Amino acid sequence: MQSGTINLSQLDGGFDLQSTLESGQTYCWERLDGEMFEDDNLRGSEARYATVVPASRTDSGNPEIITVRQTDGYLDWESTTDADPHLREFLRLGDDLDEIVRQSPDLDVFKEAYDRFRGMRIVNDPVFPCLVSFICSAQMRVERIQLMQENLRREFGTPVELEGDTFYAFPTPEQLAEASEEELRDCGLGYRAPYVKSTAEMVVDGLSPSKAAEMEYYDARNHLKQFMGVGDKVADCVLLFSLGFLNAVPLDTWIRTTIDDYFPECKADGYDEMSRNIRDRFGGQYAGYVQTYIFFHLRTR
DNA sequence: CCCCAGGCACCTC
DNA sequence: GAGGTGCATGGG
């Protein structure tokens with residue numbers, strides 16, 4: 001086992017592990033001393049979280065466990081591998097949060113959110129788990145999305161051990177493509193089960209979700225919409241939370257409500273037009289950051 | 001019993 | 001392409 005620390009005081013704009021992992025951006029982590037996404041868990045804890053790095057991302061070619069905990073200005077990690085570069089990538093520790101806030105619009109609702117969750121960063125999840133989890137997110141609460149992903153990992157993922165504890169990698173496209181629709185429904189996926197199976201088969205057959213990362217924003221969104229169960233909103237989530245499109249603003253029910261209450265001038269009929277309006281209103285290149293702060297703030301107040 | 005949850009596929013027109 | 005409808009599942 002390896003361990004290490006990352007000095008958070010050296011990061012521009014600081015870091016907050018709990019809000020980063022429990023704001024509904026990522027379903028790739030589990031909390032070891034409590035349930036993710038329970039409101040009374042919000043803020044102030046020094047909880048430990050675990051994830052499994054996909055085999056496709058590790059030097060060893062095997063899935064590798066990382067556990068991590070934030071204490072007093074440091075991120076302490078333990079891992080089966082050198083977790084430092086993975087953590088910097090998955091948690092976007094290189095983002096200059098101070099600069100992002102400077103470039104964001106002067107909005108009271110954003111200031112409130114930023115005061116509550118200072119240090120929260122957008123995540124950069126591995127693309128296949130991110131894609132599947134947001135296909136599962138349709139008409140579903142975050143607590144149950146998390147439960148569905150835990151079920152998928154346990155039922156279909158490769159087990160990995162760290163000091164006697166067993167964790168599961170998120171299933172590969174091959175592992176999910178081989179699952180039956182019935183088995184997927186048993187994980188609680190409901191009508192999303194055939195979407196997940198079909199999307200896994202498409203990836204196995206060679207359609208690459210990560211290829212969107214090389215494209216211009218609208219082409220990237222259209223590329224992702226080829227997958228079954230992926231529309232404009234899910235595509236924007238994958239672009240923002242996995243592929244580095246910090247300008248993407250997923251238009252979900254909460255942001256739509258916010259638009260009605262705070263930005264009525266951005267209202268429009270189609271997703272495209274309203275999305276463009278709100279992206280401009282949120283300052284363009286970092287609009288996804290603004291949206292994520294506002295979403296978490298309003299959802300948990 | 002109702003309604004709703006970080007929407008989407010599919011069918012009309 | 002724009003608009004309506006069905007969709008599994010669990011909790012309030």
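Just so it is clear, the model here is predicted, and its values are computed rather than measured.
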Most 5' of A/Tyr195 and A/Leu251 on DNA chain B, judged by nearest nucleotide: A/Leu251
ring centroid sep under 5.5 Å plus plane angle under 30, A/Phe295 with B/dG6: yes
Touch class at under 4.0 angstrom, heavy-atom based, for A/Ser23 against every strand present: base
Out of B/dA5, B/dC8, C/dA8, whichever nucleotide has its closest atom nearest the side chain of A/Arg192: C/dA8
No-hydrogen, no-angle side-chain donor-acceptor test under 3.5 Å, A/Asp59 and A/Thr81: no
Sugar-phosphate only, base, or nothing, as touched by A/Phe227 at under 4.0 Å among non-hydrogen atoms: sugar-phosphate
Whole angstrom value for the distance that separates C1' of B/dG7 from CD1 of A/Ile145: 11 Å
Euclidean distance, atom CD1 of residue A/Ile259 to atom P of B/dG6 [Å, nearest integer]: 16 Å
Polar contact flag, side-chain donor to acceptor under 3.5 angstrom, A/Glu182-A/Ser180: no
Sugar-phosphate only, base, or nothing, as touched by A/Gly188 at under 4.0 Å among non-hydrogen atoms: nothing
Nearest-Å distance for atom pair OH/P, residues A/Tyr271 and B/dC8: 7 Å
Inter-nucleotide P distance (B/dG6, C/dG4), Å rounded: 24 Å
Touch class at under 4.0 angstrom, heavy-atom based, for A/Gln25 against every strand present: base
Spacing of the P atoms in B/dC8 and C/dG11 (rounded, Å): 24 Å
A/Phe37 and its ring-ring contact (aromatic ring centres under 6.0 Å, His included) partner, picked from A/Trp29, A/Phe296, A/Tyr27: A/Tyr27
Interatomic distance, A/Leu184 CG vs C/dT9 C1' [rounded to whole Å]: 15 Å
Presence of salt bridge, A/Arg221 and A/Asp232, under 4.0 angstrom: yes
Presence of donor-acceptor pair under 3.5 Å, side chain of A/Arg144 and base of C/dT9: yes
d(CD, A/Gln226; P, B/dA9) in whole Å: 12 Å
Sugar-phosphate, base or nothing in reach of A/Glu143, heavy atoms under 4.0 Å: nothing
Nearest-nucleotide pick for A/Arg185, side chain only, options being B/dA5, C/dT9, B/dG6: C/dT9
Parallel, tilted or perpendicular, as decided by the 30° and 60° cut-offs, for the rings of A/Phe128 and A/Phe170: perpendicular
Minimum-distance nucleotide to A/Ser137 side chain [options: B/dA9, B/dG6, C/dA8]: B/dG6
Length of the CG-P vector between A/Asp232 and C/dG1, whole Å: 13 Å
A/Phe296 CZ to B/dG6 P, straight-line distance once rounded to whole Å: 13 Å
Touch class at under 4.0 angstrom, heavy-atom based, for A/Val234 against every strand present: sugar-phosphate
d(CG, A/Leu131; P, B/dG7) in whole Å: 16 Å
Spacing of the C1' atoms in B/dA5 and C/dG3 (rounded, Å): 23 Å
ring-ring contact (aromatic ring centres under 6.0 Å, His included) partner of A/Phe282, chosen from A/Tyr262, A/Tyr289, A/Phe110, A/Phe263: A/Phe263
